[in-house]
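Take a look at the structure set out below.
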Amino acid sequence: MSPTDAQDPWPRYAMCRRSDPVRRREGTAVYELYRHADIKQALTGDEFTVAYPFRISKQILGETLLDIDGRKHAELRRAAAYFFDSENIARIEQSVFEPLARQILDALPVGKPIDFVRDCALRFPTATMSRLVGIRENEVAPLYRMVDYLVQHLDGSKGDFETASRYREELRLRLARDILPRGEGALARYVNGLDTGVGDGERIGLLLLILFAGIETSVSTLANTLSCLLRHPHHLDAMAHSPGFAASALQEAIRWEPAQHETVRFAAADCVVGGLQLRKGSALVLYLASANRDEAVYRDADLFDPLRAEKHNLSFGLGRHYCLGKKFALAALEGFLTRFFQRFRIAQGGLELAPVTGGMFRRPEHLRFTLSPAHPQRQTQEHHHAEH
């Protein structure tokens, strides 16, 4: 995208929805889709596939659920699904999400500036996924540097392919040789216990995919949600005092300012999309973020409204590649935001809010502000009891 689009892609999305909703990139067989109905068709129709030999995610992550269809995809997805059922999420919420959230929130200074992106949005998902995968504390920083490099490479091919390939192989090797055999995390133990029909390479691919998705999209979603609230401060009181409001705000932020703006599909047969004839083999870039603000689906689509009636959006996909970890991610992030606003208030003076920017993946570089206690009297009492 151009620098202007990277800063503010929404006008281009709106213009294309109106006048060029299935747009062919000049000189290529690549089509951009902007309308909700067309993108929904590409996500759910049998005439579309994720499988393509030169897809960059396949080159960077190896073969994972992202890049396969058919029976193999169905079997692997079924094997992974049990980890994300409601009962297991409840157990992990109690044993992992809550303790890590408390630990991170306990470390935040009251009365001094913090950067929410650095001090919360990066730390909580990284710590959560490290605990679940079984990555030890001394392993987190080097592994995350590799993950971050690969994500940046996926997002517009930043960096060089040779380095990205080396990092991919090193990550896979560490997972296979050190982390998975130890079985110290709930996810590692689960993957170890999968049916013998799941090969070693598929186990590592599954672990790597969940690690990527669990960190990158959760970091951006947490940062983007708070960015939305700080840009609409009249909603901040409801975060603290209205039960269930955090869940609504999170869902609306995922629609209005999603972490991931686009995904890809390929035409597995000749087909018609938006009235345009596409040939088999055509590549389709689906602008999910544009679909989330489609005026034909959402009332006042450009308005950030946590109380809106339309709760659905396409940020987690749809159809057979619908994100398995949606409930898992929402439980973790909603819990963190709820506890954050139960404990703190944000001083409106001195706010430094970086804009949400990026290409495929988008988030603010920083969100700086000062915290005050949500309940000053109770905080003082707790401090007094602690001293005695």
Side-chain angles (χ1 to χ4, degrees), residues 92-132 135 137-138 140-141 144 148 214-243 245-247 249-250 253 257 259 306 329-356 363-387:
I92 291 172
E93 189 167 12
Q94 189 172 24
S95 63
V96 178
F97 298 163
E98 291 178 10
L100 287 176
R102 281 198 302 270
Q103 181 181 325
I104 290 166
L105 294 174
D106 284 346
L108 296 180
V110 172
K112 297 180 180 179
I114 70 160
D115 176 3
F116 184 87
V117 175
R118 179 196 64 206
D119 298 328
C120 296
L122 279 166
R123 286 185 180 175
F124 179 62
T126 304
T128 297
M129 295 311 301
S130 298
R131 179 77 59 85
L132 290 172
I135 299 171
E137 192 170 341
N138 65 315
V140 172
Y144 182 75
D148 188 56
I215 292 178
E216 180 57 33
T217 55
S218 295
V219 169
S220 297
T221 298
L222 198 51
N224 290 358
T225 300
L226 200 69
S227 175
C228 291
L229 290 166
L230 292 173
R231 284 185 277 164
H232 302 84
H234 55 285
H235 291 305
L236 290 174
D237 279 345
M239 288 292 290
H241 301 300
S242 301
F245 189 83
L250 182 60
E257 193 72 87
L330 290 178
L333 300 183
E334 180 191 340
F336 186 88
L337 286 168
T338 299
R339 292 178 183 88
F340 179 87
F341 282 98
Q342 284 173 345
R343 294 181 59 164
F344 301 112
R345 293 292 176 269
I346 297 172
Q348 290 301 299
L351 285 174
E352 292 182 39
L353 310 182
V356 175
R363 68 170 181 246
E365 287 189 7
H366 62 262
L367 298 170
R368 298 190 184 111
F369 47 78
T370 301
L371 295 173
S372 59
H375 307 284
Q377 186 175 4
R378 191 169 73 188
Q379 293 271 357
T380 303
Q381 291 172 346
E382 288 174 354
H383 180 69
H384 177 77
H385 288 313
E387 286 183 333

| request: State which residues pass side chain to side chain donor-acceptor pair (under 3.5 Å) with Arg345; sequence neighbours excluded, sorted by chain then number. | output: none

| request: Under the side chain to side chain donor-acceptor pair (under 3.5 Å) rule, collect the residues that match up with Glu365, sequence neighbours excluded. | output: none

Once side chain to side chain contact (heavy atoms under 4.5 Å, CB included) is applied, do any residues pair with [X], and if so which ones, sequence neighbours excluded?
X      : value
Ala247 : Glu334
Pro113 : Thr370
Pro99  : Arg102

| Considering residues at least two apart in sequence or located in another chain, which fulfil the ring-ring contact (aromatic ring centres under 6.0 Å, His included) criterion with Phe116? | Phe340

| message | Using the ring-ring contact (aromatic ring centres under 6.0 Å, His included) criterion, which residues pair with Phe245? Sequence neighbours excluded. | response | His235

Exercise: identify the closest heavy-atom pair between [X] and [Y]:
X      : Y      : value
Ala347 : Phe369 : O-CB, 4.4 Å
Ala253 : Thr225 : CB-OG1, 3.4 Å
Val110 : Leu371 : CG1-O, 3.6 Å
Ser227 : Leu367 : N-CD1, 3.9 Å
Cys120 : Pro125 : O-CD, 3.9 Å

Would you give the length of the straight line joining atom [atom1] of [X] to atom [atom2] of [Y], rounded to the nearest 0.5 angstrom?
X      : Y      : atom1 : atom2 : result
Leu108 : Phe344 : CG    : CZ    : 5.0 Å
Leu230 : Leu236 : CG    : CG    : 6.0 Å
Leu226 : Thr221 : CG    : OG1   : 12.5 Å
Ser95  : Leu132 : OG    : CG    : 8.0 Å
Leu229 : Asn224 : CG    : CG    : 11.0 Å
Tyr144 : Met129 : OH    : CE    : 12.5 Å

| Listed by chain and number, what are the salt bridge (charged side-chain N to carboxylate O under 4.0 Å, His left out) partners of Glu93, not counting sequence neighbours? | none

| said: Which residues pass the salt bridge (charged side-chain N to carboxylate O under 4.0 Å, His left out) test with Arg368, not counting sequence neighbours? | reply: Glu352

| task | Would you please test Phe341 and Ile346 for side chain to side chain contact (heavy atoms under 4.5 Å, CB included) and show each step? | result | CA-CA 9 Å; Phe341 282 98; Ile346 297 172; 4.2 Å; yes

| note | The complete set of side-chain hydrogen bond (donor to acceptor under 3.5 Å, both in side chains) pairs with one or both residues in residues 116-131, sequence neighbours excluded, reads none

| task | Would you mind listing every salt bridge (Lys or Arg N to Asp or Glu O under 4.0 Å) that reaches into residues 216-232, with sequence neighbours excluded? | result | Glu216-Arg363, Arg231-Glu257

| message | Show me the pairs that pass salt bridge (Lys or Arg N to Asp or Glu O under 4.0 Å) and involve residues 104-115, at least two apart or across chains. | response | Asp106-Arg343

